[in-house]
Amino acid sequence: MKNMKKVLSVILAFTLILAMGVIFASCGGKKGDTKIGVLREDDSSGEAKAWEEYLKKMGEELGFTVDFTTTASSSEEVSAINTYASKGYDVIFLFSDDDIIAAVDAASSNKMYVVCPTGHPTAAQYEQLKNNEYFLGSVAPTSDTEYEAGYAMAKYFVEQKGQSAFTIFGGATLYGADMHVQRLAGMLAYFCEDAGTSYDGVKTREELIPKLIGKSLDPSKFVSTKYRITGYMDGFAFDDAFSTKLTNSLEAGGVCVLSVGAGDTVAKIAYGITQANSKVTGVMVGGVDAITEDYASAFDTVYAYDCGKFASAMAPAVVMALSAVNGNKIVNSDGTALRLGMNYWVATSKADLQSMLASDNKTDGYCYNSAVINHFVGNTLDEFKKLCDADYDAAKALHDEYNK
Amino acid sequence: MTISKNKAGEYAKRGVGIAIIPVICLVVMSIACAASGTSLFASQSSFQLYFRGLAYVLLLSFGVSINMHTGRFDFSTGAQMLIGGVIGAKIAYASGLGPVGMILIGAVSSAIFGCITGLLYVALRLPPMIIGLGMTLVLEGVVAIITGGLKPVGFGTDSSYYSFAVNIGAMTVIMLIALAFMIVVFHYTKFGYDYRALQTGQKISVNTGINEKSNAVICYTISGMMFGAAGALSICSTNGVTPTINFSTIATMFSCFLPLFFSGFIGKYCNKQIAILLGCISYEFIQIGFGQISFKVASFTSDVYKVIEAVILVVFLIYLNNENKIIELVKLKNFIKKRKDKSAATEEQ
Amino acid sequence: MSEEKVINTLSAPDAEAIAEKETAARMKKALIAQNIVKYIPLGACAVLGLLYVICALIEGYDLAIGFKVIISNATLVALVATGATFIFSAGSFDLSLGSNMLVSALVGGLVGIKTGSLFLVILTCLVVAISLSVLNSVLASLFNLPVFIMTIVMMNVYGAIATLLITTFGTNAAVPVPPSIVNSLNNTGFRIALLVGFEVLCCFLFYFTKLGRKQKFLGGNPLCADLTGINAKKLTILSFALAGIGIGLASFAMIVQTPTLSASSGSSVGMNMLIALVFGGMNMNGGPRSKMYAAMLGAFSMAFLDSFMNIYVTGSWYLQIVKGILFVVVVFLFSIANRPKMLER
């Protein structure tokens with residue numbers, strides 16, 4: 001009897017609260033400024049901080065509100081989207097990609113636009129989403145760009161730096177992360193252009209990718225008369241096992257470290273090993289990461305090549321969002337959502353990197369500032385593509401043209 | 001003659017009990033590495049990494065054992081390690097105090113947070129797990145604020161921190177200091193005497209007048225100190241750290257379970273603190289071995305050796321909790337065999 | 001006559017009556033305090049809910065969507081925590097529930113991809129969850145291992161298995177279950193039905209059957225329970241099996257909510273479940289003071305708190321600090337009436 005009373009009182013309490021919710025459910029959200037909610041998994045890296053500062057600055061200049069939520073799983077993503085919906089937000093920038101379909105479904109059911117500015121949905125996911133009225137599309141480096149980034153990095157260290165023995169950090173390749181797989185495939189494809197080089201009997205991109213996806217690279221399967229891969233690490237634990245493998249590989253002569261990501265962490269550890277171990281000299285690290293201040297300081301250690309996204313890389317997403325909210329959505333010629341590539345910027349020295357940062361920072365002004373964005377908002381697709389395709393030099397030219 | 005024979009036998013038994021686990025780990029991992037085409041200690045750097053890992057896991061194990069062996073399971077271990085390491089790194093690097101300064105500051109900072117945890121525990125009289133969970137949330141949040149929103153903490157081009165962590169001499173000194181401290185404090189002071197009394201009989205000890213509350217606070221403080229030092233060492237090992245929150249620090253403490261369970265067996269034959277050291281020595285052989293094997297065998301990924309480590313832990317736990325039954329089983333089999341042999345011999349006659 | 005003389009002149013029966021009255025008054029006070037403390041978790045939930053509603057109204061937020069978010073956030077945690085109550089009330093502990101949920105969801109998802117059958121997905125989730133949950137307790141019972149340590153080990157093992165499943169069978173670091181299988185259930189009504197249905201079942205088993213009484217007895221006094229003929233091992237295994245049902249339902253709810261499963265899916269459920277139980281007033285040592293509805297109360301309290309904080313605070317670390325402090329404060333308030341003399345272990 002006592003327990004029945006307790007259970008009943010709990011049920012009554014819930015009913016009361018839910019009822020209050022239903023009664024007041026007719027109250028709508030705030031209207032006013034455009035509101036953009038950003039969902040991200042990484043909120044601590046230099047890249048994440050750079051984008052946050054850029055979006056906040058553009059928000060001030062262009063008159064939109066931007067808010068950031070860090071999520072760790074797909075259900076948190078959906079929950080955050082619904083929370084933004086209850087607050088009357090208009091657009092979601094989806095940095096995390098745990099479940100794009102569920103995220104877009106949640107946003108579109110609440111009449112919020114979605115842009116993916118850091119990665120693309122898979123081909124199958126894009127087919128599902130391309131006709132969704134609220135899915136504006138994705139604008140980020142494509143698989144081809146990722147592949148070319150890895151290829152160019154390997155080429156740089158071989159042709160410019162005369163390296164032939166490598167240690168490779170594969171990041172999330174083991175978990176099938178497409179961007180890391182493509183970067184790694186790019187590196188190997190460059191090496192395999194040499195007649196006497198192959199990996200597990202294959203040489204081309206199409207053949208290499210199935211050998212790499214979901215697996216750890218096996219240096220013993222890399223056969224070459226010109227190059228050596230002395231060691232391979234993956235995962236982001238950076239524990240004793242990682243240090244052991246990196247040390248062994250460096251001691252075996254693989255002093256050129258090619259990293260598909262987290263190059264600054266790898267460089268720090270490699271630098272420490274170099275300083276503490278007299279057997280290891282001439283270490284240099286290259287990574288596909290980001291053009292930020294953290295990487296500028298990494299160049300003071302053993303970091304020698306930085307290829308990555310920059311602060312203004314968020315500009316195309318802002319253009320797409322504002323165009324849609326203003327009723328001039330930028331779409332493909334067949335009316336489907338966009339799926340556009342973006343280029344990376346590449347720096348091969350600290351001076352290079354710092355000059356890039358000088359033209360794209362919060363204090364001195366961003367490369368794609370409000371003047372540039374205003375030109376592209378509501379513009380044609382062909383014009384918009386100029387913004388997306390620009391490399392560093394073209395980006396500077398765009399800045400100069402629209403800031404006369 | 002009989003007495004000295006017995007004593008010799010006793011010493012031999014003790015010696016075997018103390019050495020058996022480290023020796024088995026060393027031999028098994030050496031064989032596994034050889035089978036994979038490498039060796040357990042392939043070069044000088046392997047020894048450096050071994051001592052670094054050993055120092056880290058020893059400090060962590062000492063800290064965890066203090067509370068765990070009295071029935072207090074503290075989830076805030078990893079958070080205390082992180083906050084001590086981060087504070088130590090930021091202050092030491094900014095003031096040029098170097099790695100020794102970093103470890104000292106880290107130890108003191110975490111000792112303070114450990115003390116706060118202990119005071120909350122005795123004041124609120126809540127289960128240690130609850131206090132630990134709450135403190136984990138709070139400390140992780142504080143780390144995020146200290147680091148200006150989880151920004152990376154590093155040492156720029158100053159490699160002295162990493163070099164310190166791979167200096168065998170320095171790591172040995174740290175381990176000896178920690179070991180001496182633990183032995184003296186827990187075995188030769190009144191505090192240690194009270195601690196061991198409370199460990200084995202809480203109610204009786206309190207009834208005899210032991211101040212359980214001050215003892216608990218001191219335990220938490222010493223644990224915090226160990227965690228802070230371990231955290232500082234961990235940050236030196238990776239030449240920096242990017243903190244994360246959302247209970248990500250809780251998993252840190254699980255890495256010392258295997259060495260502590262090893263020490264549970266070894267501790268029957270020697271001093272508890274030395275048993276923990278030997279447990280850590282054994283564990284680190286396994287860790288270095290895994291690293292060497294995965295360098296040669298691409299499919300031996302971190303997930304695979306996590307499972308293997310868990311299996312070793314379970315198997316060892318099964319043995320530890322059923323040792324008597326296993327011995328009986330072995331003896332019974334021997335006994336039955338002897339009886340059979342005897343009756344067979346009698347029949348022949 | 002002075003007062004003292006008056007008192008001294010009272011007869012023995014009168015003095016006795018006064019003493020009895022004083023004792024009765026003290027007992028009444030203690031009872032009132034106990035009753036007040038008993039309703040603290042419910043009160044906390046109601047206060048947090050009201051606070052959220054009022055503040056959301058002031059800010060002009062859409063409460064319909066807000067409540068959808070709250071129910072969705074609370075569902076997974078409430079399901080797992082409700083099932084876990086059987087384990088905790090019997091005096092056991094399990095930290096592997098979150099990892100178990102992920103593995104069950106992954107296996108269920110893979111079956112869904114292969115067969116396209118919703119029924120098979122649900123069945124697989126339940127079977128795998130119950131099997132893994134029972135495995136913990138069977139290993140612990142069979143080999144006399146401390147259950148707590150066993151569950152920590154298995155948490156790591158299940159996590160590694162989940163990663164292996166994703167790398168072996170997934171694409172792009174995820175297992176994408178076709179949304180068409182589960183879309184029809186992706187609504188608040190389904191989640192409420194699942195929650196209420198499971199809660200009613202568990203409350204019935206816990207409060208109106210011998211099972212619940214035996215569990216409370218075992219959690220309260222294992223020695224007496226053993227002496228009265230309760231088979232602790234069998235009962236523990238049954239408790240874990242019942243918890244497995246909650247985990248299975250939660251893993252299915254996770255697939256419905258977000259059909260693409262990755263290594264981080266449901267990552268915070270394991271620890272949030274513990275916090276929810278404590279927020280809801282559950283005694284972590286089990287025993288007669290265990291409450292089945294604590295899980296639901298706690299899960300909703302946390303969901304209201306998260307939503308309330310989201311109105312004013314950006315930056316998840318401030319929310320985390322507040323949660324940590326509130327967590328300890330709520331548990332302390334709840335334990336006021338039952339403060340142990342010695343320190344808890």
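Given the structure is predicted, the values throughout are model-derived calculations rather than measurements. Order of the sequence lines fixes the chain letters, A, B, ..., with proteins taken first and strands second; residue numbering starts at 1 for each chain.
With a 4.5 angstrom heavy-atom cutoff, A:Asp300 touches chain B via backbone and side-chain atoms both. Only the side chain of A:Lys279 comes within contact range of chain B, with at least one heavy atom under 4.5 Å from a heavy atom of that chain. Proximity to chain B involves both the backbone and the side chain of A:Ser243, based on heavy atoms less than 4.5 angstrom apart. Both the backbone and the side chain of B:Ser294 have a heavy atom closer than 4.5 Å to some heavy atom of chain A. For a residue to count as touching a neighbouring chain, one of its non-hydrogen atoms must lie under 4.5 Å from one of that chain's; by this rule B:Gln292 touches chain A with backbone and side chain alike. Heavy atoms of B:Tyr56 lying under 4.5 Å from chain A are absent altogether. At a 4.5 Å heavy-atom cutoff, A:Phe299 makes no contact with chain B through either its backbone or its side chain.
Most heavy-atom pairs under 4.5 Å with chain A: of the set B:Leu49, B:Thr157, B:Thr38, B:Val297, this distinction falls to B:Thr157. Options A:Ala241, A:Ala276, A:Ser297, A:Gly272 differ in how many heavy-atom pairs under 4.5 Å they form with chain B, and the most are formed by A:Gly272. Taking A:Ile269, A:Asp239, A:Leu174, A:Thr301 one by one and counting their heavy-atom pairs under 4.5 Å with chain B, the maximum is reached by A:Ile269. When B:Phe300, B:Tyr50, B:Tyr305, B:Phe164 are compared by the number of non-hydrogen pairs under 4.5 Å with chain A, B:Tyr305 comes out ahead. Of the listed residues B:Ala42, B:Ser237, B:Ser43, B:Gly289, the one with more heavy-atom pairs under 4.5 angstrom with chain A than any other is B:Ser43. Residue with the most contacts toward chain B among A:Val280, A:Ile273, A:Thr274: A:Ile273 (heavy-atom pairs, distance under 4.5 Å). Counting heavy-atom pairs closer than 4.5 Å to chain A, the top residue among B:Ile288, B:Thr238, B:Val166 is B:Thr238.
Note: B:Phe47 and B:Phe41 have parallel aromatic rings, judged against thresholds of 30 and 60 degrees for the angle between ring planes. The aromatic rings of A:Tyr227 and A:Phe191 are tilted relative to each other, their planes meeting at an angle between 30° and 60°. Ring pair A:Phe95/A:Phe93 is parallel by interplanar angle, where below 30° counts as parallel and above 60° as perpendicular.
For B:Ser160 against B:Pro99, the heavy-atom pair with the smallest separation is O-CG, 3.8 Å.
A donor-acceptor pair is defined here as one N or O able to donate and one able to accept, closer than 3.5 Å; no such pair exists between the side chain of B:Asn167 and the backbone of B:Ser163.
Checked against a 6.0 Å centroid threshold, the rings of B:Phe295 and B:Phe290 do not count as neighbours.
For the residue pair A:Ser249 / A:Thr230, a side-chain donor-acceptor distance below 3.5 Å is found, with atom types taken as modelled.
Ionic pairing of A:Asp43 and A:Lys49 is not present here: no N-O contact between side-chain nitrogen and carboxylate oxygen is shorter than 4.0 angstrom.
Looking at B:Tyr283, B:Phe316, B:Phe257 one by one, the single match for ring pair (Phe, Tyr, Trp, His ring centres under 6.0 Å) with B:Phe262 turns out to be B:Phe316.
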